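Report on one structure; see the data block that follows.
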Amino acid sequence: MKKLMSLMLCCVLLMAAAAVALADGTFQGEGTGKGGTIKVELTIENDEIADIAVLEHEETPGFADAMDTLRAAMIATNQVDVDMVAGATLSSTGFIEAVKDALSKSGIAPEALVAKEAATQTADREAEYDADVVIVGAGGAGLAAAITAAEDGAKVIVLEKMSNVGGNTLISGGEMAAPGNWLQEKEGIEDSVEQFCQDILTGGDNENDPELVRVLAENALDAATWLRDDVGVEFEDYMLFFGGHSVKRSLVPKNASGVELIEKLTARAEALGVVIHKNTPAVKLVTEDGKVAAVKAEYNGQEITYHAAKGVILATGGFGSNLEMRKANNPDMDEKILSTNSVGSTGDGIIMAQELGAQTVDMQYIQTYPTCDPETGTLLYVGDVRLEGRAILVNLEGKRFVEELERRDVISLAVTEQTGGVSYMFWDEASMQASGVNASHKQEYDNLIERGILVKADTVEEACAHFGIDAVEMQATIDRYNQYCQDGKDLEFNKRGDLIAFTDGPYYIMKTTPAIHHTMGGLKINTEAQVVDTDGNVIPGLYAAGEVTGDIHGTNRLGSDAIADITVYGRIAGHNAAAQE
């Protein structure tokens, strides 16, 4: 019996040794990120994570940086259950999932990895930095300000609290309204600064500051030309017709994505010597002799002071991801409503400036985008087919209920009044081919099809069945709409733009819902982008641009006006800050 027990013990030890031996090697795994499949190769040596290589991914630049952060954390701690990167939840989830899948093929369970303490990260920042201009926020407004100030000869440092640059601009479609632009000239579309001004004021129910609006309208075309010629942004050879505009005037960046803007803005800023400190949240504005002269920030537990000899520019975005701030200003914008915003949009700049007595305006005006992912709240760029005038919105009963090119707030309110608080966007194959959204946004398209939020079917009846839409009424709606197209007049909702009839299948229906998209309120600025206090006086040394400001869009921002806003006022802020003695 003793010999038998000894033999069995030897077998167990040999099997254990074999298991350890088998664990060493490289193993591949897959996960699903925001953009699609993430494939990794995991290397195990001596029961430890030696390396993780990303073999394939379709994540948006910026969010893809999260994988580098996670990789470093996993190797340093010998663990796969590490904290996700803020602002890149879906990319983080997909990467972790892929590594766990690879690890499972090694024969080692995640809990079997012996954790080790990561080496203490030595501070790679000084306690103090000196610059002419310090900018808080590395989104579109902050980068536009940084480039302009640097081109004017200023030494510029940009602070970004997230692990990647871009903010909401990165995850936007990047479209930009510009009256009198080169594509309007090509298409023979008549437009003017005055007409653009009126559209912004009307769209905001005249709650806007007319002087701020005029500066935006007068400088929008020059800003677009600057992005194209100076920054190197590539624009597509077509425009979109956003709701609330009186004419088609919105330029579209390459691939209809804000990624094009942020990549080119970042490259230009770095080429000019602009220093960008990421993972560095600003916490306090410092005044000296009555002027804003520095910013206190944090990095890796270290407090750093960034001195600004000429001025500080706040470009921290809005507060769409700050639930308490939203509810405090507009109780209707509560936790029941999803958000399209970056998680970094928490109103930091507004809060810091208020501590210095800055005035805020229009804080109650919070906009929802009407056609977002009903599960995640993210913007659906496949839905741009609507902005080309090639889709209609219907409810579960198969009926249209609003003009498809109305203002965002009008459409959103109309959607909330429909069954289930959702709408269904319908279009045909001809519209798909003309818009090309399935190709330009293939990752999103494939993901929506896979999750059943978008359906493609050979017949209208089959497409309706997927969602339980009344197919008989839906067909009647299509027939009626086609008659309007033939007659040249939408008798139900007076839809603006070209009326294009639906033809043969396949047909597409996408389920959507409103989600918080833009906060119109923020810091009160003058036409020089200077922040003013509650008494209406300029706060010396403090400037602001972008969604952190208020009084430009009134009660409601028209689509594509944000990129015009951040570029125009970002440049004004950068130029004026750099010009200070």
Side-chain angles (χ1 to χ4, degrees), residues 133-137 141-142 145 159 200-201 204-216 281-297 308 310-333 345-367 518-557 565-566 568-570 572-574 576-577 580:
V133 178
V134 174
I135 299 170
V136 186
L159 309 181
I200 298 172
L201 291 168
D205 295 318
N206 292 300
E207 287 291 332
N208 338 52
D209 181 331
E211 291 185 1
L212 294 177
V213 171
R214 177 156 291 279
V215 168
L216 170 58
V283 295
K284 185 179 180 63
L285 298 173
V286 180
T287 59
E288 295 177 6
D289 299 324
K291 175 186 176 182
V292 176
V295 178
K296 294 282 188 183
K310 293 178 177 292
V312 171
I313 300 172
L314 296 176
T316 52
F319 56 96
S321 290
N322 186 330
L323 177 60
E324 294 308 312
M325 198 169 181
R326 276 173 17 206
K327 291 167 63 176
N329 289 285
N330 188 332
D332 292 334
M333 299 298 166
S345 298
T346 52
D348 303 348
I350 297 173
I351 295 168
M352 286 189 291
Q354 282 183 306
E355 292 175 354
L356 299 183
Q359 181 182 162
T360 59
V361 62
D362 294 343
M363 295 289 284
Q364 72 273 31
Y365 300 133
I366 301 175
Q367 179 188 80
H518 193 95
T519 49
M520 275 70 68
L523 300 175
K524 177 64 179 174
I525 60 171
N526 60 21
T527 56
E528 300 299 318
Q530 296 171 298
V531 178
V532 301
D533 63 21
T534 52
D535 293 323
N537 300 314
V538 167
I539 298 177
L542 187 60
Y543 303 82
E547 197 176 349
V548 71
T549 68
D551 226 11
I552 295 175
H553 304 289
T555 63
N556 169 72
R557 177 180 66 78
D565 176 10
I566 64 176
V568 167
Y569 279 102
I572 290 173
N576 288 335
Q580 297 304 304

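Values in this document were obtained by computation on a predicted structure and should not be read as measured data.
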- Determine which pairs satisfy ring pair (Phe, Tyr, Trp, His ring centres under 6.0 Å) with at least one residue from residues 526-552, sequence neighbours left out, and list them in order. none
- Query: Would you say Gln367 and His553 make side-chain contact, with heavy atoms under 4.5 Å?
  - Reply: no
- Could you give me the CA-CA distance, side-chain angles and deciding distance for Thr527 and Leu212, then say whether side chain to side chain contact (heavy atoms under 4.5 Å, CB included) is met? CA-CA 6 Å; Thr527 56; Leu212 294 177; 4.1 Å; yes
- With sequence neighbours left out, what residues match Asn526 under side chain to side chain donor-acceptor pair (under 3.5 Å)? Gln530
- Message: In the structure I gave you, are the side-chain heavy atoms of Phe319 and Ile351 within less than 4.5 Å of one another anywhere?
- Response: no
- Message: Is any side-chain heavy atom of Ile566 closer than 4.5 Å to one of Glu547?
- Response: no
- Query: Can you check whether Leu285 reaches Leu314 side chain to side chain, under 4.5 Å on heavy atoms?
  - Reply: yes
- Task: Indicate yes or no: at least one non-hydrogen side-chain atom of Ile350 is less than 4.5 angstrom from one of Met363.
- Result: yes
- Which residues share a side-chain contact (heavy atoms from CB on, under 4.5 Å) with Lys291, sequence neighbours left out: Pro540
- Item | By side chain to side chain donor-acceptor pair (under 3.5 Å) - contacts of Thr549 (at least two apart) | none
- Query: Can you tell if the side chain of Ile313 reaches within under 4.5 Å of the side chain of Val134, non-hydrogen atoms only?
  - Reply: no
- Item | Partner set under side-chain contact (heavy atoms from CB on, under 4.5 Å) for Asp362, not counting sequence neighbours | Tyr365, Asp551
- Query: Is there a side-chain contact between Val538 and Glu528, using heavy atoms and a 4.5 Å cut-off?
  - Reply: no
- Query: Under 4.5 Å between any side-chain heavy atoms of Asp205 and Asn556, yes or no?
  - Reply: no
- Contacts of Asn208 meeting side chain to side chain donor-acceptor pair (under 3.5 Å) (sequence neighbours excluded), chain-then-number -> none
- Task: Applying side chain to side chain contact (heavy atoms under 4.5 Å, CB included), run through Met520 and Thr555 and close with a yes or a no.
- Result: CA-CA 7 Å; Met520 275 70 68; Thr555 63; 5.9 Å; no
- Message: Could you go through Ile525 and Val532, starting from their C-alpha distance and side-chain angles, then the distance that decides it, and tell me whether this counts as side chain to side chain contact (heavy atoms under 4.5 Å, CB included)?
- Response: CA-CA 6 Å; Ile525 60 171; Val532 301; over 6 Å; no
